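Inspection log for the structure reproduced underneath, given as structure tokens.
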Amino acid sequence: MQWYICVLASMWLILTVHSELSSYSFPEDFAFGVSSSAYQIEGAAFEDGKGISIWDFSLHNNPDLVSDRSNGDVACDSYHKWKEDIQLLKNLGVNVYRFSISWPRIIPSGYKGSTINQKGVDFYSTFIDELLAENILPLVTIYHWDLPQNLQDKGGWLNETIIDDYLYFAETVIQLFGDRVKHWITFNEPFYICEYGYSEGSLAPFLNESGVGVYKCSHNLLIAHGRIYREYEKKYKTTQKGIMGIAINSGWFEPKEDNDSDREAAEQILLFSLGMHLHPVITGNYPAIMIERIDSISKAEGYTQSRLPKFTEKEKEMLRGSFDFIGLNHYSTALATFVDADFYNQPSFSYDSGVSATPNPSWESSIAQPGMQMVPEGLRKLLVWIKDRYQNPPVLITENGWATGEGLNDESRIRCINGYLSAVLKAIHEDGCRVIGYSHWSLLDNFEWLGGYRIRMGLVEVDFNNTERTRTPKKSYEVYKKIIDSRKLDV
Ligand SMILES: *[C@@H]1O[C@H](CO)[C@@H](O)[C@H](O)[C@H]1NC(C)=O
Ligand SMILES: *[C@@H]1O[C@H](CO)[C@@H](O)[C@H](O)[C@H]1NC(C)=O
Ligand SMILES: *[C@@H]1O[C@H](CO)[C@@H](O)[C@H](O)[C@H]1NC(C)=O
Ligand SMILES: *[C@@H]1O[C@H](CO)[C@@H](O)[C@H](O)[C@H]1NC(C)=O
């Protein structure tokens, strides 16, 4: 009886998922890729002259921060096994590979003007050459969370002197690799860097300046983004012929109840979370509602200045339109509603936003990461929102994926790929969104930050118990390969 119901239920699921699959094709110039980041895959944390990053430092000092007490010392050992990674990429048939360059591997002490580590340079240089030899375009994230610890000792992203240090690092990699790298991302997920790193104390450097750190950090980071974008535009773009963007993370928010107040709450939380970084890069300033609310809440709290810093007119001009494409990391959707004044601690970003975002029990949740819910339609709505609000900028989906436990038979990840890519096809063909590519997170199971190695997000399984870090493609790898090859979903 139970078996019978189970078969019926899965047939129903297969039928509904398939009936929702779009039969449109992906445009010829649509880029398919997979994404990764240095600390999460490379390992070799103390080899060949690499400096110490905030993640090396924090996790060695306090291993309990990570659920399985692991760290990225070895990770997937991609620093040594990169040839295998390239074979997996080649076989998968991707057009692009998104990876990041470790700042402390290139500039061990971090500071502007300090020594460049030739062994680190050689590693990335060879890697890029080999990718290009296989016809895979490198999509390079300049900063993906692994700040040199030396710079953190001086305040990290809270200290405006970091802007010059970042510019030195970024310009160094552009000079070294820009003859071959044509696709640059200045920062990965400013919201996580600033809110979780400097305000909530839940990602490196684990600082807790609630409601203050998030805005100081964001402000310095945005100015650093704008400055390197303009520098690249002025000095390198015409000769190197590349493009540059920023990868911003955002969920989608549905109103908790179908009423005007919750609809307004959903819009407000989107303007606070996505808008905090996207709005300045496109328009030159923070969303008006953020400025108004944070200014007035700060005043009521007795601050002499708003906790949200102000851009000068020159900075606004520099930031306005500082992108060639918008990178979008999207995983999940939540339900939004306004909260009572005593719901959040003060001061905090959440209090400033005035909105709570909670899961919907009727959507599918990831077993490995319950806050992650599979709502492909949310991606489509987010793409349409960006198109309508910002005159349809080119969007590159720089991350999307699904968290599972171990195992090669990853049906839920396959549903994620089919569902979200179907939403992308409808956004392109029915809504007219300029989506230029999709890069799945991730090629390999890797170090998933505080989730350690328990959370698996790869198309390829990695055996972290084996010193060889053996790689085995999962079922989803074959499904994605077929999609890339046919440029269609399997309908
Ligand atoms: C900011 O950084 C500079 C140089 O890196 C340093 O001299 C200064 O003390 C730092 N400020 C704070 C508040 O740490
Ligand atoms: C950070 O500070 C806030 C407000 O002081 C507090 O509620 C919160 O628990 C702290 N978080 C951590 C991770 O220490
Ligand atoms: C809308 O729904 C929320 C619950 O999500 C409720 O708190 C609020 O009062 C409702 N607003 C209106 C105008 O009905
Ligand atoms: C690795 O070891 C852990 C703990 O002993 C175990 O739970 C897990 O199944 C092992 N993984 C593999 C791929 O063998």
Side-chain angles (χ1 to χ4, degrees), residues 51-54 57-58 103-104 106-116 143 146-172 193-194 197-199 201 204-225 227-228 251-273 289 293 303-305 307-309 315 332-344 350-351 353-363 371 373 375 378 381:
I52 304 295
S53 78
I54 53 177
F57 180 86
S58 302
W103 186 341
I106 297 287
I107 303 169
S109 91
Y111 290 111
K112 175 181 178 183
S114 63
T115 315
I116 291 166
Y143 182 80
D146 47 355
L147 184 71
Q149 178 60 34
N150 274 336
L151 297 179
Q152 188 49 51
D153 292 342
K154 302 284 183 193
W157 287 104
L158 301 183
N159 186 336
E160 65 182 0
T161 60
I162 199 175
I163 297 169
D164 283 333
D165 298 321
Y166 172 85
L167 285 173
Y168 174 67
F169 166 53
E171 198 166 346
T172 299
I193 295 169
C194 296
Y198 292 89
S199 261
F206 298 94
L207 294 182
N208 188 14
E209 275 196 45
S210 185
V212 175
V214 56
Y215 304 128
K216 273 193 211 165
C217 164
S218 291
H219 208 73
N220 291 329
L221 185 155
L222 283 164
I223 290 171
H225 162 83
R227 283 188 51 193
I228 193 64
W252 173 250
F253 301 93
E254 287 289 338
K256 191 166 183 188
E257 298 287 337
D258 191 20
N259 69 31
D260 284 347
S261 154
D262 284 3
R263 273 190 287 276
E264 192 187 330
E267 180 84 2
Q268 186 160 312
I269 184 72
L270 195 58
L271 281 169
F272 265 77
S273 52
I289 192 165
R293 283 184 63 89
Y303 285 86
T304 52
Q305 284 176 33
R307 288 180 282 103
L308 184 68
E315 286 165 347
S332 194
T333 293
L335 297 177
T337 191
F338 288 116
V339 291
D340 294 334
D342 59 358
F343 189 83
Y344 290 119
S350 300
Y351 184 92
S353 80
V355 174
S356 78
T358 49
N360 181 346
S362 68
W363 293 331
Q373 298 205 285
V375 191
K381 290 179 182 176

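Ligands are counted one by one from 1 in listed order, and the atoms in each one are counted from 1 as well. Worth saying up front: this structure is predicted, and the values here are computed from it rather than measured.
- Proximity of atom 9 (O) of ligand 3 to the protein is not indicated, since no non-hydrogen protein atom lies closer than 4.0 angstrom.
- Shortest contact from atom 5 (O) of ligand 3 to any protein heavy atom: D262 OD2, 2.5 Å.
- You'll find the side chain of W103 stays beyond 4.5 Å of the side chain of S53, heavy atoms only.
- Partner of Q152 under the side-chain contact (heavy atoms from CB on, under 4.5 Å) criterion, out of I162, N159, I54: I54 alone.
- Using a 3.5 Å distance cut-off with no hydrogens or angles, the side chains of Y143 and W157 do pair a donor with an acceptor.
- Closest heavy-atom approach to atom 11 (N) of ligand 1 among the candidates D165, T161, N159, D164: N159.
- T337 and D262 share a donor-acceptor pair across their side chains, judged by distance under 3.5 Å alone.
- Among protein heavy atoms, the minimum distance from atom 6 (C) of ligand 3 is reached at N259 ND2, 4.2 Å.
- No N or O atom of Y111 sits closer than 3.5 Å to an N or O atom of ligand 1.
- A salt bridge does not link D165 with K154: every distance from a Lys NZ or Arg NE/NH1/NH2 to an Asp or Glu carboxylate oxygen is 4.0 Å or more.
- The ligand atoms of ligand 3 that sit less than 4.0 angstrom from a heavy atom of E257 are 2 (O), 4 (C), 5 (O).
- In this structure, atom 14 (O) of ligand 1 has a protein heavy-atom contact shorter than 4.0 Å.
- Counting only heavy atoms of the protein, atom 7 (O) of ligand 3 lies nearest to T337 OG1, 4.5 Å.
- Residues V355 and F272 are not in side-chain contact: their nearest non-hydrogen atoms beyond the backbone lie 4.5 Å or more apart.
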